Amino acid sequence: MPAPIRLRELIRTIRTARTQAEEREMIQKECAAIRSSFREEDNTYRCRNVAKLLYMHMLGYPAHFGQLECLKLIASQKFTDKRIGYLGAMLLLDERQDVHLLMTNCIKNDLNHSTQYVQGLALCTLGCMGSSEMCRDLAGEVEKLLKTSNSYLRKKAALCAVHVIRKVPELMEMFLPATKNLLSEKNHGVLHTSVVLLTEMCERSLDMLTHFRKNEKLVPQLVRILKNLIMSGYSPEHDVSGISDPFLQVRILRLLRILGKGDDDSSEAMNDILAQVATNTETSKNVGNAILYETVLTIMDIKSESGLRVLAINILGRFLLNNDKNIRYVALTSLLKTVQTDHNAVQRHRSTIVDCLKDLDVSIKRRAMELSFALVNGNNIRGMMKELLYFLDSCDPDFKADCASGIFLAAEKYAPSKRWHIDTIMRVLTTAGSYVRDDSVPNLIQLITNSVEMHAYTVQRLYKALLDDISQQPLVQVASWCIGEYGDLLVSGQCEEEEPIQVTEDEVLDVLEGLLVSNLSTPVTRGFSLTAIMKLSTRFSSVNRIKKVVSIYGSSIDVELQQRAVEYNALFKKYDHMRPALLERMPIMEKTAANGPAEIVQTNGETEPSIPDTKHLPSIIQPANQANDLLDLLGGNDVVPVIQTNVNTKPASAGGELLDLLGDLSLTGAPTPTPAPSLPVSQPPFLLDGLTSQSLFNDIAAGIPPMTAYNKNGLKIEFTFERSNPNPNIAVITIHASNSTEADMTDFVFQAAVPKTFQLQLLSPSSNVVPALNQGSVTQVIRILNPQKQQLRMRVKLTYTHKGSPVQDLAEVNNFPPQSWQ
Amino acid sequence: QMHFLLLFSRQGKLRLQKWFLPLPERERKKIIKDMTTMVLARKPRTCNFLHWRDLKIVYKRYASLYFCCGLENQDNELLALEILHRYVELLDKYFGNVCELDIIFNFEKAYFILDEFLMGGEIQETSKQSIVKSIEASDMLQEMSMAFEGGRQTVFKSFL
């Protein structure tokens with residue numbers, strides 16, 4: 001039987017293979033030879049064969065059949081065998097296999113071997129891959145070796161102990177006694193590994209940490225060692241570019257960090273040495289900067305005095321200017337960690353950080369971007385945004401989504417003006433529109449609705465952007481939504497912020513229809529544009545064209561589009577009278593997220609753009625915001641106001657009637673009749689239960705005297721005023737209707753109308769029976785918005801049934817006290 | 001704590017793999033693949049640090065070999081560069097002007113040297129001299145044990 005081929009020869013042979021197939025063939029042949037050699041239990045060449053196997057394993061070929069052989073090698077007495085055996089064990093075995101447990105006995109024996117290099121092998125293997133069971137079995141041996149005077153073994157035992165503690169934390173206690181005089185060693189290897197061991201113990205157990213702080217006085221010891229390292233002269237054995245044992249220095253700094261964190265005494269004890277290291281370390285090479293870096297991390301984490309903290313941040317600032325990219329990167333990462341706690345100090349380096357946005361290195365750019373966002377505040381928003389937008393233009397696609405989201409967030413928090421905010425959004429949408437996150441679209445729409453005075457400007461800009469480019473879906477979606485919503489503003493040519501463009505209804509519809517047919521539009525975008533077209537049917541006059549488009553898409557193969565088109569079609573055909581109400585201007589949406597826009601928008605504080613159909617009629621379809629506002633008004637009383645719901649059953653004629661009524665108050669007649677809700681649909685039982693209306697409305701506090709608005713035929717209506725609400729343009733009037741006749745007035749309905757410049761909201765009455773003989777009163781709340789502070793006038797219409805016959809009366813109320821509208 | 005240390009060539013061939021954490025073979029293969037892909041894709045003048053999963057990756061190229069290690073978040077990257085450099089110095093001292101071929105043909109020695117420098121992902125000796133002495137002594141021990149084997153006088157270097 002010839003001797004197995006040598007390792008180096010095998011390597012040489014395999015490297016001559018020209019193809020993967022050729023290599024595989026060679027490997028298979030050799031593996032077969034090795035396998036038979038293993039079967040023959042050849043002791044002499046076992047280690048050679050295992051070595052070859054390890055080489056083939058590194059090339060990526062399976063080598064599991066060598067696992068047991070490794071164990072045999074470990075058990076052998078020859079040092080070569082042991083060396084290769086332990087190496088093989090570390091490479092081929094891991095704790096998931098049961099085989100490795102068989103090693104335990106061998107390791108135990110070798111830990112007690114007479115030759116230190118054998119002991120070293122055992123310690124190394126145990127310390128690299130020992131499983132929990134092995135660690136439990138052998139911890140005692142390790143602990144013994146930790147106390148030896150042989151520094152070669154002691155340092156290995158220390159790291160082995162670290163591994164044992166990581167695997168079996170409960171065993172930490174048993175190593176404590178052995179740590180007593182570890183730091184008095186001169187040998188740097190032992191010192192270093194001891195510091196690692198102490199670090200591990202302090203990190204894992206608060207008790208240990210306290211013990212080492214208080215009882216062992218670890219901090220002074222460490223300070224002393226560190227000082228010696230810095231002050232000592234040149235030591236060739238440990239020198240790295242003029243610095244003495246930087247590895248040990250860094251490790252000590254790290255342990256000091258843990259000891260000083262949250263502890264005043266310890267922190268104070270290390271202040272001096274930290275300052276010394278920070279100022280005296282040579283910074284020309286990476287090694288010095290590595291120490292400074294660790295020092296900075298330590299200073300920031302412990303309770304250091306402010307002077308030291310400023311020193312640390314300045315070091316980081318200097319790092320930012322360093323030529324070495326690694327150092328700049330590390331500085332940015334550290335600044336990111338400290339920006340929350342030392343915000344002002346980091347702000348001082350803002351311009352350097354912003355310059356890093358232009359760095360060529362991708363990792364640095366990313367860090368700089370994150371840090372820039374953290375530094376944005378109300379003062380620097382304009383300048384920072386300019387830089388960030390420039391960055392967005394030129395950065396890699398991977399960054400764009402994050403950058404865009406960050407910009408939106410920052411803009412929302414700190415926008416100096418609405419116009420600026422809209423402009424910024426536009427800029428992001430047009431430059432990085434396709435990278436913007438999907439959830440940005442609804443957020444942006446919500447923002448746009450809230451900036452009421454910017455609607456015309458916004459829709460104009462979006463329209464122009466669409467003319468340029470319809471490929472970026474988020475931009476297209478937001479633009480379609482806005483055109484659908486504010487298309488009337490677009491064609492009306494009014495725009496305060498910039499030169500209004502002249503665009504016709506047909507042109508707008510062309511653009512929207514273009515989106516529907518374009519290949520670039522996603523199904524979602526198509527949905528947006530179809531809905532927008534539909535909405536324009538109440539804002540534009542070219543209804544027929546819209547009807548045509550909608551009916552075409554009733555047979556679209558896209559199910560979503562088809563469904564929408566069919567429904568809209570139905571709206572045209574069967575429910576045309578509901579169409580205007582359904583498609584009217586959206587109310588301002590409430591922001592659900594915690595960071596709302598800077599100003600709180602009041603829904604009825606805004607003048608809605610002119611939609612003829614809803615303006616002056618008593619009740620409005622309003623979202624639940626109204627309820628909240630009223631609750632605020634009442635100072636958080638538990639009264640639930642009834643909002644007149646618009647699920648109306650009244651025919652349109654009622655609206656028509658009222659319009660006639662109000663004709664000479666110079667209102668524009670609505671082109672389409674709107675449903676006029678007048679009767680309350682429901683009557684919550686607890687509303688104003690047992691409470692007289694006066695007690696809820698503190699008109700005394702408001703200081704506006706009540707007045708009698710109407711007094712005829714026994715029906716007397718008094719107005720009381722309330723002005724203690726956040727918006728001074730709103731007058732809140734409560735009417736109190738009382739009946740002095742002997743018969744009840746039933747089916748009592750109070751209606752009111754106000755001139756064009758006002759807006760009125762009528763809440764539900766307390767009841768519609770005015771009891772006879774002043775036994776009670778009907779109360780109802782009117783809210784009037786009077787932004788132009790004009791003189792309040794009102795026309796009221798009263799209807800009721802008295803003694804079986806219907807009564808109707810009209811009256812004008814002009815005697816409002818000046819305080820109610822000034 | 002270092003999680004792993006890999007050496008690979010510019011063609012992506014693995015020359016050394018040291019794992020300081022127990023990981024199944026499949027996971028190791030994945031990490032090797034990811035590291036080689038990521039590091040070889042890096043442009044020439046970029047910084048030596050990367051992020052991968054929750055680890056910091058530090059890599060440095062020496063001639064035709066990439067040295068790549070994975071660190072935890074609280075580890076010092078700048079120091080890791082020094083650690084890699086120290087390892088290269090040790091190899092250089094041992095082999096004399098070390099090159100990739102030395103590591104290919106003597107991989108087991110590269111491991112032995114590494115095992116005197118690092119253990120469990122931590123540094124065990126900071127003195128270059130000390131490590132070199134230990135390796136030389138171990139080699140001597142090996143030669144001696146061979147010398148007494150069955151009367152044959154074979155030198156360690158050629159036995160394997």
Side-chain angles (χ1 to χ4, degrees), chain A residues 6-8 11 15 47-48 51 54-55 58-60 78-80 83-84 87 91 94-96 115 117 120 123-124 127-129 131 152 155-156 159-160 162-163 188-189 192-193 196 237-238 240 245-248 250 254 286-287 289-290 293-294 325-330 360-364, chain B residues 1 13-20 22-25 29 32 43 45-51 74 76-83 85-86 104-108 111-112 115-116 118-130 134 137-138 141-142 144-146 149-150 156 158-160:
Chain A
R6 291 181 193 280
L7 171 63
R8 323 275 174 223
I11 296 176
R15 282 169 65 79
C47 103
R48 184 185 286 185
L54 292 179
Y55 177 73
M58 182 139 64
L59 292 179
K78 286 200 288 227
F79 187 63
T80 322
R83 250 184 155 185
I84 299 290
L87 179 61
L91 286 174
D94 67 64
E95 55 182 46
R96 283 147 224 278
T115 315
Y117 297 107
L123 280 169
C124 186
C128 271
M129 55 152 318
S131 64
Y152 178 78
K155 70 187 186 201
K156 288 184 190 271
L159 285 186
C160 201
V162 170
H163 179 82
H188 280 223
H192 188 278
T193 56
V196 174
E237 206 181 336
H238 300 111
V240 180
D245 207 339
F247 303 107
L248 183 56
V250 166
R254 191 155 146 190
N286 180 62
V287 80
N289 288 318
Y293 176 40
E294 196 76 31
K325 285 193 193 307
N326 296 328
I327 296 185
R328 292 210 295 280
Y329 178 85
V330 146
L360 295 166
D361 186 313
V362 159
S363 316
I364 291 183
Chain B
Q1 182 203 5
K13 284 200 106 91
L14 191 67
R15 300 298 179 207
L16 189 141
Q17 49 173 330
K18 187 72 190 178
W19 303 94
F20 299 112
L23 290 166
E25 186 75 28
K29 284 210 154 96
I32 292 169
K43 298 201 192 77
R45 270 176 300 276
T46 50
C47 71
N48 297 72
F49 310 132
L50 286 170
H51 257 276
Q74 66 268 32
N76 185 328
E77 303 97 307
L78 296 178
L79 197 72
L81 284 173
E82 295 298 319
I83 294 176
H85 192 74
R86 173 56 65 91
I104 293 171
F105 279 94
N106 302 283
F107 68 92
E108 84 279 10
Y111 276 109
F112 296 151
D115 286 342
E116 289 297 318
L118 302 175
M119 193 206 287
E122 308 279 2
I123 298 171
Q124 62 175 283
E125 179 58 68
T126 58
S127 155
K128 248 190 296 190
Q129 271 177 309
S130 184
S134 310
S138 303
L141 190 59
Q142 190 146 2
M144 284 174 9
S145 78
M146 290 330 306
E149 177 60 23
F156 164 62
S158 61
F159 180 73
L160 282 181

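Reminder, nothing fancy here: chain letters follow the sequence lines and each chain counts from 1. Here the structure is a predicted model, which is why all the values come from computation and not from measurement.
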For chain B, find which of A:I364, A:N289, A:V362, A:L91 contributes the most heavy-atom pairs closer than 4.5 angstrom. A:L91
Please test B:R45 against A:D361 for side-chain contact (heavy atoms from CB on, under 4.5 Å), starting from the C-alpha separation and ending with a verdict. CA-CA 8 Å; B:R45 270 176 300 276; A:D361 186 313; over 6 Å; no
pair [X]-[Y]: side-chain heavy atoms closer than 4.5 Å:
X	Y	value
A:V330	B:F49	yes
B:S138	A:F79	yes
A:E294	B:L78	no
A:N326	B:E77	no
B:M119	A:K156	yes
B:Y111	A:I84	no

Going by atom types only, do [X] and [Y] share a side-chain donor-acceptor pair under 3.5 Å?
X	Y	answer
A:T80	B:Q142	yes
A:D245	B:T126	yes
A:Y152	B:E116	yes

Distance under 6.0 Å and angle within 45° of the ring axis: does A:R83 meet both against B:F112?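 Ring-cation test returns yes.
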Looking at B:P24, B:A137, B:G120, B:S130, which has the largest count of heavy-atom pairs under 4.5 Å with chain A? B:P24
Out of B:K29, B:K43, B:R15, return the one with the most heavy atom pairs under 4.5 angstrom to chain A.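 That would be B:R15.
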Closest non-hydrogen atoms of A:L54 and B:F107, given as atom of the first, atom of the second and distance, are CB-CE1, 4.0 Å
What are the two closest heavy atoms between B:E82 and A:V287, and how far apart are they?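 For B:E82 versus A:V287, the nearest heavy atoms are OE2-N, 3.5 Å.
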Can you check whether B:E125's main-chain N or O pairs, donor with acceptor, with A:H188's side chain at less than 3.5 Å?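 Absent.
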Between B:N76 (side chain) and A:A290 (backbone), is there a donor-acceptor pair under 3.5 Å?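 It does hold such a pair.
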Can you say whether [X] sits under 4.5 Å from chain A via the side chain, the backbone, both, or neither, judging by heavy atoms?
X	result
B:E122	both
B:R86	side chain
B:I83	both
B:H85	neither

What part of [X] gets within 4.5 angstrom of chain B, counting heavy atoms only: side chain, backbone, both, or neither?
X	result
A:I11	both
A:R328	neither
A:K155	side chain

Name all residues meeting the ring pair (Phe, Tyr, Trp, His ring centres under 6.0 Å) criterion together with A:Y293; count only those two or more places apart in sequence or in a different chain, and write none if there are none. none
Can you check salt bridge (charged side-chain N to carboxylate O under 4.0 Å, His left out) on B:E108 and A:R8, steps first, answer last? CA-CA 11 Å; B:E108 84 279 10; A:R8 323 275 174 223; 2.8 Å; yes
Measure the [atom1]-[atom2] distance between [X] and [Y] for me, rounded to the nearest 0.5 Å.
X	Y	atom1	atom2	answer
B:D115	A:L123	CG	CG	12.0 Å
A:M58	B:I32	CE	CD1	10.0 Å
A:L360	B:T46	CG	OG1	10.0 Å

Whether over 12 other heavy atoms sit under 6.0 Å from B:K13 NZ: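 For B:K13, atom NZ is not crowded (no more than 12 foreign heavy atoms under 6.0 Å).
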Passes side-chain contact (heavy atoms from CB on, under 4.5 Å), A:S363 versus B:H51? Steps please. CA-CA 9 Å; A:S363 316; B:H51 257 276; over 6 Å; no
